[in-house]
There are 2 protein chains.
Amino acid sequence: MVLEAAAELDNEPTGSGSAEHAHTAAWIATVLRGRIAAGELTPGSKLSEQSLSTALGVSRNTLREAFSTLAGESIVTRIPNRGVFVASPGAEEVREIYRVRRMIEPAAALWGEVTPEVLENMGAIVRRAQAARDAGSVPDMADANQALHSAVVGLTGSESLRTLMDRVLAEMRLVFYAMASAPDFHSHYVDRNVQLVERLRAGQRDEAAAGLRAYLDSAEAELLGHLADEASQDVTSQGTR
Amino acid sequence: MVLEAAAELDNEPTGSGSAEHAHTAAWIATVLRGRIAAGELTPGSKLSEQSLSTALGVSRNTLREAFSTLAGESIVTRIPNRGVFVASPGAEEVREIYRVRRMIEPAAALWGEVTPEVLENMGAIVRRAQAARDAGSVPDMADANQALHSAVVGLTGSESLRTLMDRVLAEMRLVFYAMASAPDFHSHYVDRNVQLVERLRAGQRDEAAAGLRAYLDSAEAELLGHLADEASQDVTSQGTR
DNA sequence: GTTTAACGGATTGTTCAACAATTATTCATC
DNA sequence: GATGAATAATTGTTGAACAATCCGTTAAAC
């Protein structure tokens, strides 16, 4: 049965010119990154070197190299002599996430370069979010929300900050995956995002930044509250399996 | 003839167990990081897998794993089928560095948590910088300067932001190493740093942030100007060794 | 019956040797 | 002096091997 999975996971959309696996390790890293982001590999689950190497059709050494880069992105946690696990962020990680966001996002709103194209893009995103809310699609709402905040950081024009933000948003996704009951977390924030874009469009930078900080504060509080609820509700909180 | 960057380093790792080999790859990564930071491995120099693995007493595979993490920190650049090289940042990288700093540092000054201990620490740092300036020690001045700005980011309380800033400062060091003639870059900024700390102490957050942005603007301009000078002076830009 | 000790299996950490693929270098040829 | 083929050197990747460590189970001791 294991071998079955091996052949099965021979992914790679071969359609258009497959990106030469120039550097297989990097390729494997992106594959795993995608799989974690897609929720196929849930937080806390162990990534066995043997299983994965055969499943992906690469050697253990190459896989380990990929693990090194993923660990550097803190997408994955490495416990010496125990193995690597999909990161499963808790309350402390959530606080750290918002510490970062509370600095970068308002800074971008205050000092970033707001161009008409970016505003147009943001407008499209908030419309998408509104449509998703009307349709009741939580995942689409979450996507749009993350896209908007990623775009906000994009105002900085900095690749590094964008990368950091994307990492942080990926971690957020893990937080949601790790929650048993997904609350309707995003719907109340759609309007705030609309307001944010309006302020940016109107050139009200200070108000935009202040609003962002307030938004981030309440979002963090809500998330932490939910996490605390779940922790108290589920006593034996050790691993889904 | 090839005067490869042959690191003559007798490494006796198995001696009296220094640091736990808990993960040799990580250990090797820190060793290389330190050596690059110390200027022993200069920007652009090639890190041969064979030479380094024997010099450090580890296998090529383990070394490669270390390379992966260093590449993730962009301390090192990997060119497929060519090898890994110590990063040698140019003008574009400098612009990116300041893009990041211009967001993070003022944000930290504006919204970070300024405690008496941190202020005390910053005070000590600026005094160190002043002493270094009086003594005419450029390296000490550079160290103090970087320490101060690292401390500023420390105001955010965020580990991720601190890490990002440290990475950025490490890249700055590489920029300096890559410059043939090291200009007296830091001395004019000592007083600005004094002023910054004073403003933070006085609770003048807005002024501190604005001053920081102005400082970063002029520092970037000066650095870029110097880089341009050197580039026009030295036609053969490629070829450190 | 509970705690402790020992054993065995499984997995990670690391090395080594090998080979394909690519790049760099040498050398003969025009 | 350029051109291009032959050759050497390096990287990319694999597979097997072994030590070290952890985990669960069994055996022993109190």
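To find a chain, count down the sequence lines: A is the first, B the second, and so on, and within it residues start at 1.
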K.L.:
Would you say the rings of B/Y215 and B/H149 are close, in the sense that their centroids are separated by under 6.0 Å?
P.N.:
yes
K.L.:
Identify the heavy atoms of B/A132 and B/D140 that sit nearest to each other, and give their distance.
P.N.:
CB-CB, 3.6 Å
K.L.:
Is there a donor and acceptor pair closer than 3.5 Å between the side chain of B/R60 and the base of D/dG12?
P.N.:
yes
K.L.:
Please report the distance, rounded to the nearest Å, between CD in A/E49 and P in D/dA16.
P.N.:
16 Å
K.L.:
From B/T30 OG1 over to B/R35 CZ, what is the distance, rounded to the nearest 0.5 angstrom?
P.N.:
10.0 Å
K.L.:
Report yes if at least one side-chain N or O of A/K46 is closer than 4.0 Å to OP1 or OP2 of C/dT11; otherwise report no.
P.N.:
no
K.L.:
Thinking salt bridges, do A/R33 and A/E73 make one under a 4.0 Å N-O criterion?
P.N.:
yes
K.L.:
Under 4.0 Å between a side-chain N or O of B/R82 and OP1 or OP2 of D/dG12?
P.N.:
no
K.L.:
Nearest whole angstrom, please: distance from the P of D/dA20 to the NE2 of B/H23.
P.N.:
17 Å
K.L.:
Just the rounded figure in Å: distance from P of D/dC22 to CD of A/Q50.
P.N.:
19 Å
K.L.:
Quick check on contacts: within residues 63-75 of chain B, what sits under 4.0 Å from DNA chain D by heavy-atom distance?
P.N.:
B/R64
K.L.:
Would you kindly give the CG-to-C1' distance between B/N81 and D/dT11, to the nearest whole Å?
P.N.:
6 Å
K.L.:
Distance check: side-chain N/O of A/S48 vs OP1/OP2 of C/dT11, anything under 4.0 Å?
P.N.:
no
K.L.:
How do A/L47 and B/V58 order along DNA chain C: which one's closest nucleotide is nearer the 5' end?
P.N.:
A/L47
K.L.:
Would you mind reading off the distance between A/L52 atom CG and C/dT11 atom C1', rounded to a whole angstrom?
P.N.:
13 Å
K.L.:
Decide if atom CD of B/E113 counts as having more than 12 heavy atoms of other residues, nucleotides or ligands within a radius under 6.0 Å.
P.N.:
no
K.L.:
Pairing donors with acceptors under 3.5 angstrom, does anything connect the side chains of B/S160 and A/E96?
P.N.:
yes
K.L.:
Is any side-chain N of the basic residue among B/R60 and B/E49 closer than 4.0 Å to the acidic one's carboxylate O?
P.N.:
yes
K.L.:
Between C/dC16, D/dG12, C/dG13, which one does the side chain of B/N61 approach most closely?
P.N.:
C/dC16
